[in-house]
Engineer: 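Would you mind keeping the following structure in view while I ask a few things?
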Amino acid sequence: MEEAVKYELLHECKQTGARRGRIYTPHGIIETPVFMPVGTQATVKSLTPEELKEEIGAQIILANTYHLYLRPGQKIVKEAGGLHKFMNWDRPILTDSGGFQVFSLGDLRTITEEGVEFKSHLDGSKHFFSPESVMQTEEDLGADIIMAFDECVEYPSTYEYTKQSMDRTTRWAKRCKQAHKTKNQALFGIIQGGFYEDLREKSAKDLVELDLPGYAIGGISVGEPKEEFLKMLYYTAPLMPKEKPRYLMGVGTPDYLIEAVLAGIDMCDCVLPTRIARNGTALTWHGKIVVRNATYERDFTKLDEDCDCYTCKNYTKAYIRHLIKTNEILGVRLLSIHNLYFLTKLMERVRIEIEQDHLLDFKTQFYEEYGYTQKKGK
RNA sequence: GUGGAUGUAGCUCAGUUGGUUAGAGCGCUAGUUUGUGGCACUAGAGGCCGUGGGUUCGAGUCCCAUCUUCCACC
């Protein structure tokens, strides 16, 4: 059977084993490892798709089933001709299933074997998601890669609950596979199991048996200490098929991204760059800077001397600070452009370092320049 | 000149019949942000309560004087 998405492994870094690859999708090729900007409501907040392509060079973006189901409703997106046409983005799109929202909605939801009943955060109205309904919604949305409906358990959770939830997520993945009909979309499974190695192993093993076209690690980077994160990451990644894309959900910061790649991950996504942009913070090659702070009031230099993004080419810290302090939309836009460009460039650099078998050297050098100390970042 | 009002945090104002370390909103300062319920959240700094006197155990609060600003009237 012809798969919608295929992975090609181009090279493994001799220093680290990190993977340099390509993902072929109905909307083009993705060079991996890749960072995927998040556009929850069919928009990467404050940016146009043209800016994402031309100024940032984003290869693929995310959208969210939960949010688009609530507004405008998947039927409208379908009528528009699918997400790509609706939002005028012709590169690959991945839709998350709403599993994370189930987790973050907290007491607004009830989980049963059948699915999840939840109350809309918008108006309190009751709704129900099942693996089958989510597959239908994701098909209507029309992304290239669609995520199985899972449950992301919070940290910390008991062994008992995590096991129960993980097995249910596996059963839901089977139901997703069965319900999934379209041939031009790839259904990815999500490995759960919290912070218990045997549960991670079981989850991975059971899901791999389903022979899905790609796999993700879910349920980490949910507030645990970094050591825990790294332990589960390095334990779980090798359990994922080598010939398929490996996606780590919800990461992140530059150090987490590099660690993910070192562990053999191909794809990551995170709201961080756009979220902190809205709160006046920039990521740079020399560390994080809160440009909103008073110290930049008269700083007429660019955010990062080593950055050639649209923002850095044209604007100063003092100006961006002024825009953020006065709540001007342009401040958010300029910082979003810069932060996304930075993570995109970071991954581009990582790809080159893998090809040249120097990723470990790069990590050391980058950490030093970024300012991660031994105790802070490891 | 006369009468009335006003003066409390950087700004706009609350402060009950006089009673513990004088509050709020905004602003300011800093921290947080990791499959977006976030233009959000958390914390912090900052007041001889216009000034001087008086009454009282105790005054931002009452009395007198004085100054500031505003309004009205001669």
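Since the structure is predicted, the reported quantities are computational estimates derived from the model, not experimental observations. By convention in this document, chain letters (A, B, ...) are assigned in the order of the sequence lines, proteins followed by strands, and residues within each chain are numbered from 1.
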Engineer: Expressed as a whole number of angstroms, how long is the span from A/Leu70:CG to B/rU36:C1'?
Structural biologist: 14 Å

Engineer: RNA chain B: A/Asn279 or A/His121, which has the more 5' nearest nucleotide?
Structural biologist: A/His121

Engineer: Taking CG from A/Leu330 and C1' from B/rC39, how many angstroms apart are they, rounded to a whole number?
Structural biologist: 14 Å

Engineer: Hey, does A/Cys268 reach any base, or is it just sugar-phosphate, or nothing, if we go heavy atoms under 4.0 Å?
Structural biologist: nothing

Engineer: How long is the line joining CZ of A/Phe342 and C1' of B/rU34, in whole Å?
Structural biologist: 15 Å

Engineer: What pairs of residues pass the side chain to side chain donor-acceptor pair (under 3.5 Å) test when at least one of them lies in residues 269-286 of chain A, not counting sequence neighbours?
Structural biologist: A/Tyr247-A/Asp269, A/His286-A/Asp306

Engineer: Only one of A/Glu353, A/Glu368, A/Glu259 passes side-chain contact (heavy atoms from CB on, under 4.5 Å) with A/Lys363; say which it is.
Structural biologist: A/Glu259

Engineer: Are A/Thr169 and A/Gln192 linked by a side-chain donor-acceptor pair shorter than 3.5 Å?
Structural biologist: no

Engineer: If the cut-off is 4.0 Å, is A/Gln101 near the phosphate of B/rG37, judged by side-chain N/O to OP1 or OP2?
Structural biologist: yes

Engineer: Between atom CD in A/Glu138 and atom C1' in B/rG35, what is the gap in whole Å?
Structural biologist: 12 Å

Engineer: Output a table of nitrogen or oxygen pairs between the protein and nucleotides 27-31 of chain B separated by less than 3.5 Å.
Structural biologist:
unit_1, atom_1, unit_2, atom_2, d
B/rC28, OP1, A/Lys325, NZ, 3.4
B/rU29, OP1, A/Arg321, NH2, 2.8
B/rU29, OP2, A/Lys325, NZ, 2.4
B/rA30, OP1, A/Ala294, N, 3.4
B/rA30, OP2, A/Ala294, N, 3.0
B/rG31, OP2, A/Asn293, ND2, 2.8

Engineer: To the nearest Å, how far apart are A/Lys226 NZ and B/rU33 P?
Structural biologist: 13 Å

Engineer: So for A/Arg278 and B/rU33, does any side-chain atom that can act as donor or acceptor lie under 3.5 Å from a complementary atom in the base?
Structural biologist: no

Engineer: Should B/rA65 form a Watson-Crick or G-U wobble pair with both distances under 3.5 Å, which nucleotide is its partner?
Structural biologist: B/rU51

Engineer: Assess, by modelled atom type and distance only, whether the side chains of A/Lys317 and A/Thr301 contain a donor and an acceptor separated by less than 3.5 Å.
Structural biologist: yes

Engineer: Does A/Thr281 make a side-chain donor-acceptor contact with the base of B/rU33, cut-off 3.5 Å?
Structural biologist: yes

Engineer: Remember a base hit wins even if backbone is also touched, and classify A/Glu151 as base, sugar-phosphate or nothing at under 4.0 Å, heavy atoms.
Structural biologist: nothing

Engineer: Does a donor on one side chain and an acceptor on the other come within less than 3.5 Å for A/His127 and A/Ser125?
Structural biologist: yes

Engineer: I'd like the C1' distance from B/rU61 over to B/rG23, given in whole Å.
Structural biologist: 15 Å

Engineer: With a non-hydrogen cut-off below 4.0 angstrom, is A/Gly223 in contact with a base, only sugar-phosphate, or nothing?
Structural biologist: nothing

Engineer: Considering only the C1' atoms, how many Å lie between B/rA9 and B/rC48, rounded to the nearest integer?
Structural biologist: 14 Å

Engineer: For B/rU34, does OP1 or OP2 lie under 4.0 Å from any side-chain N or O of A/Thr253?
Structural biologist: no

Engineer: Are A/Glu355 and A/Arg20 within salt-bridge range, i.e. N to O under 4.0 Å?
Structural biologist: yes

Engineer: Across all strands shown, which nucleotide pairs with B/rC28 by Watson-Crick or G-U wobble geometry, both distances under 3.5 Å?
Structural biologist: B/rG44

Engineer: If we take the P atom in both B/rC13 and B/rU29, what is their distance in whole Å?
Structural biologist: 24 Å

Engineer: Does B/rG3 pair with anything, Watson-Crick or G-U wobble, both distances under 3.5 Å, and if so, with which nucleotide?
Structural biologist: B/rC71

Engineer: Looking at A/Arg71, I'd like to know if its CZ atom is crowded, meaning that more than 12 non-hydrogen atoms belonging to other residues, nucleotides or ligands lie closer than 6.0 Å.
Structural biologist: no

Engineer: For nucleotides B/rU12 and B/rG27, find the distance between their P atoms and express it as a whole number of Å.
Structural biologist: 15 Å

Engineer: Do A/Arg275 and B/rU36 share a donor-acceptor pair, side chain to base, under 3.5 Å?
Structural biologist: yes

Engineer: Quote, to the nearest angstrom, the P distance that separates B/rU16 from B/rA59.
Structural biologist: 16 Å

Engineer: Fit a plane to each ring of A/Phe149 and A/Trp172, take the angle between them on a 0 to 90° scale, and name the class: parallel (under 30°), tilted (30 to 60°) or perpendicular (over 60°).
Structural biologist: parallel

Engineer: Under 4.0 angstrom, heavy atoms only, what part of the nucleic acid is A/Val38 near: base, sugar-phosphate, or nothing?
Structural biologist: base

Engineer: Check ring pair (Phe, Tyr, Trp, His ring centres under 6.0 Å) between A/His180 and all other residues, then give those that pass, not counting sequence neighbours.
Structural biologist: none

Engineer: Under 30°, 30 to 60°, or over 60°: which ring-plane class applies to A/Tyr69 and A/Phe129, parallel, tilted or perpendicular?
Structural biologist: perpendicular

Engineer: Any strand counts, and the cut-off is 3.5 Å on both contacts for Watson-Crick or G-U wobble. Which nucleotide pairs with B/rC39?
Structural biologist: none

Engineer: Is there a donor N/O on one and an acceptor N/O on the other, under 3.5 Å, for the side chain of A/Asn64 and the base of B/rG35?
Structural biologist: no

Engineer: Roughly how many Å apart are B/rU21 and B/rG46, using the C1' atom of each and rounding to a whole number?
Structural biologist: 16 Å

Engineer: A/Ile190 near the nucleic acid: base, sugar-phosphate alone, or nothing, with a heavy-atom cut-off under 4.0 Å?
Structural biologist: base

Engineer: How close or far is atom C1' of B/rG38 from atom NE2 of A/His67, stated in whole angstroms?
Structural biologist: 11 Å

Engineer: Taking B/rG4 as the reference, what is the distance to B/rA43 when you measure between their P atoms (whole Å, please)?
Structural biologist: 48 Å

Engineer: What is the distance, to the nearest angstrom, from the CG atom on A/Asp255 to the P atom on B/rU34?
Structural biologist: 13 Å

Engineer: For the P atoms, the ones on B/rC11 and on B/rG47, what distance do you get once it is rounded to whole angstrom?
Structural biologist: 13 Å

Engineer: Could you state the atom-to-atom distance from CG of A/Leu343 to C1' of B/rU33 in whole Å?
Structural biologist: 14 Å

